[in-house]
Visitor: 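To start, I am sharing the structure in question, which I have written as structure tokens.
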Amino acid sequence: MIDKEALMEALKNVYDPELGLNVVDLGLIYGIEQQDGTVQVDMTMTTPGCPLHESMLQGVGDALSIFAGVKRVEVRLVWEPLWTPDRISAEGRQALGWAA
Amino acid sequence: MTPPTVVITSPGSPPQAPAMPAAGPLLSGLTTSRAASVSLPLRYMVTGLLFAVFAFGLATAYAQSFVDDVFLTPHLLAATHLAALGWLTMIAMGALYQFVPVVLDVPIFSERLGKAQFYLYLAGVLGLAYEMGSGRLQTVAWPAGLLVLAIGMFLYNMVRTLARVERWPLTGWFILAALTSLGLVVTAGFVLAVNLILGFVPLSQLAFVEAHAHLAALGWLGLLAVGVSYKLTPMFALSHPFNEWRLGRAIFVLLTTGVVGVFVSLLLRLGPVALLACWLVVGAGVGLYAWDYATMLRVRRRRPIDLTQQHNVAGVAGLVLTTLLGLALVLTPAEAAGHSRLQLAYAVMALAGWLGLTTLGQLYKIVPFLVWTHRFAPRMGKEKVPLLKDLFPQRLATAGFVGLLAGLVVAELGVLTGFLPVVQTGFALATAGTAIAATNLIRVVFR
Ligand code: HEM
């Protein structure tokens with residue numbers, strides 16, 4: 001088992017190039033599970049029809065591939081529950097200049 | 001050691017009635033695998049940027065035409081069509097090739113057709129501008145015919161593409177209405193050109209020209225700009241909560257009905273009352289849209305107003321001013337002193353102040369994005385890759401924007417007062433501003 005914090009840390013290298021925020025701080029990662037060398041990630045996107053989907057999903061897969069012992073990474077794109085900006089972390093909000 | 005396998009799946013279907021941000025289309029499977037290859041939209045965008053500089057350059061060189069109080073003169077016609085077709089329509093077509101697959105979740109029917117169409121269209125625009133600019137109205141029909149063919153290919157490609165769309169967000173309806181207008185515009189343009197030789201249309205050529213120009217600017221380019229902003233603005237600004245249908249439906253109905261009404265009233269010379277009524281319908285649509293646009297910005301979660309948004313805010317202001325100038329035009333009798341100046345100021349405001357600024361603003365997002373996905377996305381997660389805004393110098397881009405904006409204000413004042421040096425200065429500034437934007441963006445593509 002790889003430390004979950006380490007996985008999350010690796011995911012911070014994947015970001016939305018427009019907002020300049022990583023997928024973790026954006027609140028797009030809904031869950032990470034591990035079993036027998038397979039890492040499964042559930043993630044969402046800020047909006048359906050966002051042209052960045054493919055890059056971000058692939059980026060997440062690649063970011064987790066760096067760990068020794070990982071044989072397979074499964075990235076699932078889910079839409080439940082629907083993402084809202086309220087999922088953005090405190091750091092993320094600060095970076096966006098979102099005071100509220 | 002073999003690298004791990006990466007599998008990407010999309011089990012659930014995306015939301016039916018999206019609550020956030022604007023309604024998107026819904027994906028099944030992976031959306032962006034539907035996107036067109038980057039070279040298709042980029043060729044239109046790069047060429048369109050060069051035409052923008054060309055159009056403003058021509059307007060500067062022949063600024064005299066903007067104070068002469070005469071219409072349909074060779075250089076005015078050439079500058080108008082270089083701007084409308086070479087710059088704005090060129091970029092609009094490229095943007096649709098990029099935008100339709102991702103927003104409406106359908107692949108482009110034929111990318112090869114799209115690439116072939118580009119060359120025909122380019123030849124048509126250059127030919128039309130040349131024949132118009134050299135005053136050879138008898139032969140304008142040839143390049144006009146070429147444009148019918150090229151735009152016909154574009155529309156065929158779009159119709160075949162859109163036929164597969166399953167769910168229609170608001171933006172989709174606007175795109176559909178805009179494409180319908182484009183089909184009518186090019187037909188009207190061709191009939192106009194043939195009519196210059198044969199004179200077979202039992203309507204005043206001037207009435208026909210005015211109807212044609214309004215359908216083009218308001219129906220084709222205008223509806224497209226409004227529709228696209230409903231997708232892009234909430235997406236980039238993270239507007240929440242924002243429901244595109246709340247006012248969007250009424251805005252769509254008002255603007256489309258208004259365009260049809262203005263077209264018919266101008267074409268058939270139905271008189272000032274009918275025209276005024278139709279213009280008020282357009283005005284109501286514009287007013288509501290400006291309000292809704294302000295709402296998108298008010299509820300945004302991303303504080304800074306970036307370069308694209310600055311262009312758009314100026315563009316929406318340009319739209320409101322265009323509508324007011326149009327109202328002033330309807331209310332002044334055609335014989336009144338200053339009527340023709342008002343008309344020119346109105347046309348410049350619509351094409352450059354509203355549509356031009358809006359188009360450039362969107363390009364500052366789309367071009368870096370296309371280049372980024374192509375060049376940097378494959379490396380994300382493995383190494384540090386730049387953000388979109390790192391792909392071009394922000395300060396220079398702002399300088400270009402300010403130059404263009406200041407240039408347009410000055411040119412407008414010059415046209416309204418009929419003062420040649422002011423018109424020249426304004427257009428020269430606008431040329432410089434556009435040249436900066438073009439250089440900036442083209443360097444992103446070729447860097
Ligand atoms: C977005 C697209 C277009 C816009 C905004 C536009 C706008 C205009 C405007 C404003 C005029 C009057 C110019 C003046 O007063 O000096 C005009 C005239 C004309 N347009 Fe267009 N146009 C567009 C597309 C086309 C196309 C595609 C064609 C040809 C296929 C075309 C053919 C003509 C012709 C032949 C005239 C002049 C008629 C005459 O001299 O009597 N236009 N257009």
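Proteins come first, then strands; the chains are lettered A, B, ... in the order of their sequence lines, and each starts at number 1. Being a predicted model, the structure only gives us computed values, none of them experimental.
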Visitor: Can you pull out the residues in residues 12-19 of chain A with any heavy atom less than 4.5 Å from chain B?
Guide: A:N13, A:V14, A:Y15, A:D16, A:P17, A:E18, A:L19
Visitor: How would you list, in number order, the residues of residues 361-371 of chain B that have a heavy atom less than 4.5 Å from chain A?
Guide: B:K365, B:F369
Visitor: Atom CZ of residue position B:R375 - does it have more than 12 heavy atoms of other residues, nucleotides or ligands inside 6.0 Å?
Guide: yes
Visitor: Could you check whether atom CD of A:E33 has more than 12 heavy atoms from other residues, nucleotides or ligands sitting under 6.0 Å from it?
Guide: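 Atom CD in A:E33 is not packed in, count stays at 12 or less.
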Visitor: Count the heavy-atom pairs under 4.5 Å between each of B:R379, B:K384, B:M380 and chain A, then report the option with the highest count.
Guide: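 Heavy-atom pairs under 4.5 Å are most numerous for B:M380.
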Visitor: Would you mind checking which part of B:D306 comes under 4.5 Å of any heavy atom in chain A, side chain (CB onward), backbone (N, CA, C, O), both or neither?
Guide: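 Contact with chain A involves the side chain of B:D306 alone.
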Visitor: Under the side-chain contact (heavy atoms from CB on, under 4.5 Å) rule, what do B:I8 and A:M43 come out as? Steps first, then yes or no, please.
Guide: CA-CA 11 Å; B:I8 297 171; A:M43 72 179 290; over 6 Å; no
Visitor: Search all heavy atoms of A:D86 against all heavy atoms of B:R301 and return the closest pair with its distance.
Guide: OD1-NH1, 3.3 Å
Visitor: Only one of A:V70, A:L64, A:T38 passes side-chain contact (heavy atoms from CB on, under 4.5 Å) with B:P4; say which it is.
Guide: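 Only match with B:P4 under side-chain contact (heavy atoms from CB on, under 4.5 Å): A:V70.
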Visitor: Check the pair A:Q58, B:V6 against side-chain contact (heavy atoms from CB on, under 4.5 Å), reporting the backbone distance first and the verdict last.
Guide: CA-CA 8 Å; A:Q58 192 63 47; B:V6 174; 4.1 Å; yes
